[in-house]
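Notes for the one structure printed next.
From a predicted model like this one, the values you see are computed outputs, not experimental measurements.
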Amino acid sequence: MAEERRQWRVLGRPRGRPPRITRPAIADAALEVGFDNLTLATVGERLQVSHSALYRHVTDRQELVILAIDRAMQRAEWPEPTGEWRADLREQAWAIWRLLDAHPGLIQEFLRLTRFPSQIMVRFGAAVRHLMSCGFTPRNAFLAVDTVFDLTVDVFGRGQQMDRPGGEGPVRVTTADAWAEGVGAEVAELMRAALEESAATWFERKLTLVLDGVAASLAP
């Protein structure tokens, strides 16, 4: 009888180790699921645990999004500073652009947040301190970085909006006539040309203009 009880305990024991849930594992699973499909349920399914088990590590979906964004930023390749403020600030902006482009849905999630991921604060602070090391005053360094980072997020987000499906093609195509008519004859051709170019092309132009302004009014 004792031998039968021992065999029953062995046969009834779940095989293998129970899955371990950690915040880094949750973040990795969230990135694998993708921001467009990100829920506690989809992450739980990816980790092969119940979504209720995730609540011991994240309080709500927004914290899950923040965790995923932090992880994406940690994985991203960031340019090493060269000491030339303009080139370095430009590369920081393009690194953010590439990060947003690599993770569909990230920009929409970011714009909905009411709390900010710690890695964004870390990158922002590092960029400001770098400009200060190049001779900028703290106020001017802060303004320059804030303007460039805001420009990057704004132009990328607007580009996503214009590239969404709309009728028989992307919004930028299906609304071209309305835009041309709305801006008037003098500007219509410029508007059509702008709508034919990619968001990245316009970002480069606007970034150059902003950096020119930083050089003229804020740089040491």
Side-chain angles (χ1 to χ4, degrees), residues 22-28 30-31 34-35 38 57-161 198-220:
T22 63
R23 285 174 67 86
I26 293 171
D28 288 340
L31 291 180
F35 288 97
L38 188 57
H57 303 272
V58 292
T59 57
D60 53 26
R61 185 181 180 278
Q62 180 169 236
E63 187 174 358
L64 180 62
V65 170
I66 291 172
L67 197 64
I69 293 176
D70 273 337
R71 192 65 160 176
M73 294 191 70
Q74 288 170 342
R75 287 180 172 182
E77 293 185 5
W78 298 97
E80 291 293 330
T82 65
E84 204 289 294
W85 73 264
R86 181 171 182 137
D88 291 341
L89 192 51
R90 178 189 294 277
E91 287 305 309
Q92 285 283 328
W94 276 111
I96 294 170
W97 184 280
R98 289 190 295 270
L99 174 70
L100 294 172
D101 193 47
H103 297 280
L106 191 160
I107 184 67
Q108 288 81 13
E109 294 291 353
F110 175 73
L111 293 174
R112 284 195 289 262
L113 291 178
T114 58
R115 306 191 302 271
F116 289 96
S118 62
Q119 286 299 308
I120 289 178
M121 302 175 198
V122 168
R123 297 307 316 178
F124 185 89
V128 172
R129 289 191 299 273
H130 178 59
L131 290 195
M132 290 169 59
S133 73
C134 294
F136 282 69
T137 67
R139 183 182 297 274
N140 287 351
F142 184 96
L143 179 57
V145 172
D146 192 48
T147 301
V148 168
F149 280 28
D150 278 353
L151 175 72
T152 308
V153 171
D154 181 65
V155 177
F156 186 91
R158 189 68 64 190
Q160 292 280 293
Q161 180 186 29
S198 68
T201 297
W202 274 96
F203 174 59
E204 175 60 32
R205 292 176 182 170
K206 291 180 179 181
L207 180 59
T208 297
L209 180 63
V210 166
L211 292 175
D212 285 346
V214 171
S217 61
L218 299 179

Tell me the salt bridge (Lys or Arg N to Asp or Glu O under 4.0 Å) pairs involving [range], sequence neighbours left out?
range            : answer
residues 76-87   : R86-D212
residues 103-112 : R61-E109, E109-R112
residues 89-105  : R90-E204

query: Taking the inter-plane angle between the rings of F156 and W97 on a 0 to 90° scale, is it parallel (under 30°), tilted (30 to 60°) or perpendicular (over 60°)?
result: perpendicular

query: Just by modelled atom types, is the T114 backbone N or O under 3.5 Å from a matching donor or acceptor in the Q62 side chain?
result: yes

field: Flag, side chain of D70 to backbone of S118, donor-acceptor distance under 3.5 Å
entry: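 Indeed, once roles are kept as given, a pair shorter than 3.5 Å links the two residues.
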
[X] side, atom [atom1]; [Y] side, atom [atom2] - distance, nearest 0.5 Å:
X    : Y    : atom1 : atom2 : result
L207 : W202 : CG    : CH2   : 14.0 Å
F35  : Q108 : CZ    : CD    : 10.5 Å
L67  : Q119 : CG    : CD    : 11.0 Å
D88  : T82  : CG    : OG1   : 3.5 Å
H57  : I26  : NE2   : CD1   : 5.0 Å

query: Heavy-atom distance under 4.5 Å between the side chains of W78 and I96, does that happen here?
result: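 When only atoms from C-beta onward are counted, I96 and W78 do touch, with a gap below 4.5 Å.
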
- request: Apply the test side chain to side chain contact (heavy atoms under 4.5 Å, CB included) to residues F110 and L100: give CA-CA distance (whole Å), side-chain angles for both, the deciding distance (0.1 Å), then the verdict.
  value: CA-CA 10 Å; F110 175 73; L100 294 172; 5.6 Å; no

query: Residues two or more places apart in sequence or in another chain: which of them pass side chain to side chain contact (heavy atoms under 4.5 Å, CB included) with A126?
result: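 Partners of A126 under the side chain to side chain contact (heavy atoms under 4.5 Å, CB included) test: R129.
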
task: Quick one: list whatever passes side chain to side chain contact (heavy atoms under 4.5 Å, CB included) with T59, sequence neighbours left out.
output: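 Expected list: E63.
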
Per-pair distances, 0.1 Å, donor-acceptor, side chain in residues 133-153, under 3.5 Å, sequence neighbours excluded:
{"from": "S133", "atom 1": "OG", "to": "H130", "atom 2": "O", "distance (Å)": "2.5"}
{"from": "T137", "atom 1": "OG1", "to": "N140", "atom 2": "N", "distance (Å)": "3.1"}
{"from": "T137", "atom 1": "OG1", "to": "N140", "atom 2": "ND2", "distance (Å)": "3.4"}
{"from": "N140", "atom 1": "ND2", "to": "L218", "atom 2": "O", "distance (Å)": "3.3"}
{"from": "T147", "atom 1": "OG1", "to": "L143", "atom 2": "O", "distance (Å)": "2.7"}
{"from": "T152", "atom 1": "OG1", "to": "V148", "atom 2": "O", "distance (Å)": "2.8"}

task: Might you point out which heavy atoms bring A30 and A68 nearest each other, and give the distance in Å?
output: CB-CB, 3.8 Å

- prompt: Where is the tightest heavy-atom contact between A76 and L99, given as atom of each residue plus distance?
  reply: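 Smallest interatomic distance, heavy atoms only, reads CB-CD1, 4.0 Å.
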
query: Are any of the side-chain nitrogens in R115 or D60 under 4.0 Å away from the carboxylate oxygens of its partner?
result: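 Result for this pair is yes, salt bridge flagged.
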
